[in-house]
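There's a structure below that I have some questions on.
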Amino acid sequence: MGEAAIISQEGFKGRHILDFSSLSSAELKAVLALAEDLKKERDQGKLTPYLQGKTLAMIFEKASTRTRVSFEVAMFELGGHALFLSDSTTQIGRGETVPDTARVLSRYVHGIMIRTFAHEKVEELAKFSTVPVINGLTDDHHPCQVMADLLTISQHKGHLNGLTIAYVGDGNNMAHSILQAAPMVGMNVRIATPPGYEPKAEIVEQVKAWAKEAKTKVWVGHDPFEAVADADAVYTDVWASMGQEQEAEARKQVFMPYQVNAQLMGNAAKEALFLHCLPAHRGEEVTAEVIDSPASVVFDEVENRLHVQKALLVATMSDLWG
Ligand code: CP
Ligand code: NVA
């Protein structure tokens with residue numbers, strides 16, 4: 001396996017990945033390097049069964065296209081198997097407790113990926129699981145997506161250290177994960193949200209402490225033009241996340257000044273990238289002109305979900321790495 005094997009960290013196997021505080025900066029960089037290696041191997045038509053005989057349970061309490069497909073394909077390509085478990089067709093939806101679900105699944109599978117609402121549910125699952133639990137999105141965090149985003153930026157810019165990422169929109173799960181990840185890879189981060197939609201204060205405080213240590217900058221404010229000024233990457237996300245559908249109309253009014261359009265992109269650095277976790281609403285948080293422009297790397301982000309998911313699964317579940 002290349003460079004990634006050399007810099008792999010002791011004791012990674014069995015680790016729960018709930019948010020970026022689950023990893024050290026070196027471990028995060030090792031996962032990204034492993035993802036890069038696995039991408040190269042796949043591009044050469046080589047698939048190594050690092051997870052032969054292993055099964056991943058995937059619990060979905062919210063909709064998904066990318067997360068489900070990338071994890072399921074990842075397990076297949078690693079020689080393992082993935083099980084799709086929806087709340088409506090399992091006992092989870094009928095009230096079987098989180099601790100019992102964790103203990104039951106731990107007797108069958110080698111890892112659990114979960115997408116749900118409250119972040120505390122994932123923490124509780126991890127507490128009672130004897131196999132690694134990976135957060136596939138909660139209301140507060142989406143670390144798997146941001147790992148793919150970091151890989152994408154580094155592929156396009158050649159490095160991450162010293163770059164500035166600006167996120168414009170809702171102070172949601174994406175904003176939190178981008179905030180947390182930035183200082184871990186030496187990036188400056190700026191977040192602009194409408195008043196009342198800021199990221200959680202405790203996460204901002206945590207990230208400010210990390211940034212002080214990493215000697216990077218963190219800015220959280222309300223002016224989208226100030227946020228993107230000379231930024232190397234501009235990121236946005238939907239204005240109403242899953243579970244907020246009833247707020248969608250009201251939010252459109254509040255968020256319109258935060259739309260990423262050609263004028264806003266014009267305030268970023270000349271070669272700035274545009275990123276979006278997808279799904280996107282053209283004409284709302286981003287114009288078609290921007291998301292379908294050469295600056296947009298959204299489908300590289302999509303592909304990198306697969307490589308990053310594979311790296312994370314190998315790191316947490318394989319006997320052959322770490
Ligand atoms: N970006 C992302 O997580 O997409 P899905 O909701 O389709 O999984
Ligand atoms: N903030 C969005 C991200 C989707 C990948 C949501 O939670 O719905």
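Given the structure is predicted, the values throughout are model-derived calculations rather than measurements. By convention here, the first residue in the shown sequence is residue 1. Order of listing sets the numbers, starting from 1, for every ligand and every atom in it.
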For ligand 1, which atoms sit closer than 4.0 Å to a heavy atom of His142?
2 (C), 3 (O)
Do Arg68 and Phe84 meet the cation-pi criteria used here (NZ or CZ under 6.0 Å from the six-membered ring centre, within 45° of the axis)?
yes
So for atom CD, which belongs to Glu213, do other residues, nucleotides or ligands contribute more than 12 heavy atoms lying within a distance under 6.0 Å?
no
Show which atoms of ligand 2 fall inside a sub-4.0 Å distance from at least one heavy-atom site of Asn172.
1 (N)
Residue and atom name of the nearest protein heavy atom (relative to atom 8 (O) of ligand 2), distance in Å to one decimal
Met242 N, 2.8 Å
Only residue of Lys39, Lys310, Lys46 satisfying salt bridge (Lys or Arg N to Asp or Glu O under 4.0 Å) with Glu77 is Lys310
Quick one: look up the protein heavy atom nearest atom 2 (C) of ligand 1 and list residue, atom name and how far away it is.
Arg305 NH1, 3.4 Å
Non-hydrogen atoms of Arg115 versus ligand 1: any pair closer than 4.0 Å?
yes
For Thr316 versus Phe12, what's the shortest heavy-atom pair and its separation?
CG2-CE2, 3.8 Å
Can an N or O of Cys277 be found at a distance shorter than 3.5 Å from an N or O of ligand 1?
yes
Any salt bridge linking Asp232 with Lys157? Criterion: basic side-chain nitrogen under 4.0 Å from a carboxylate oxygen.
no
Heavy-atom distances under 4.0 Å are what count here, so tell me which part of Leu137 touches ligand 1: side chain, backbone, both or neither.
neither
Could you state the interatomic distance from CD (Glu61) to OG1 (Thr138), rounded to the nearest 0.5 Å?
11.5 Å
Contact (N/O only, under 3.5 Å) between His142 and ligand 2:
no
Would you call Glu226 and Arg190 a salt bridge, taking side-chain N to carboxylate O under 4.0 Å as the test?
no
For Asp319, is there an ion pair with Lys54 - N to carboxylate O distance below 4.0 angstrom?
yes
Atoms of ligand 2 under 4.0 Å from any heavy atom of Leu278, numbered from 1 in the order shown, are 5 (C)
Looking only at protein heavy atoms, which one is nearest to atom 4 (C) of ligand 2, and how far off is it?
Leu137 CD1, 3.9 Å
Salt bridge or not for Glu124 and Lys127, using N-O below 4.0 Å?
no
How far is atom 4 (O) of ligand 1 from the closest protein heavy atom, and which atom is that?
Arg66 NE, 2.8 Å
Lys62 heavy atom under 4.0 Å from ligand 1:
no
Centroid-centroid distance, Tyr235 to Phe274, less than 6.0 Å
no
Tell me whether Leu278 has any N or O atom under 3.5 angstrom from an N or O of ligand 1.
yes
Thr65 neighbourhood, listing ligand 1 atoms whose heavy-atom distance to it stays under 4.0 Å
5 (P), 7 (O), 8 (O)
Measure the distances from the heavy atoms of Arg68 to every atom of ligand 1 and state whether one is below 4.0 angstrom.
no
I'd like the name of whichever of Ser64, Ala63, Ser241 reaches closest to atom 8 (O) of ligand 1 through any heavy atom.
Ser64
Protein residue, atom and distance nearest to atom 3 (C) of ligand 2, heavy-atom basis
Asp237 OD2, 3.6 Å
Does the residue Asp139 have a heavy-atom contact with ligand 2, meaning some pair of atoms that are separated by less than 4.0 Å?
no
Side chain or backbone, does Lys62 bring an N or O within less than 3.5 Å of an N or O on ligand 2?
no
Going from CG on Leu125 to OG1 on Thr116, what distance comes out if it is rounded to the nearest 0.5 angstrom?
9.5 Å
Which of the numbered atoms in ligand 2 are under 4.0 angstrom from any heavy atom belonging to Asn173?
1 (N), 2 (C), 6 (C), 7 (O)
In terms of side-chain geometry, is the basic nitrogen of Arg305 or Glu301 positioned less than 4.0 Å from the acidic oxygen of its partner?
no
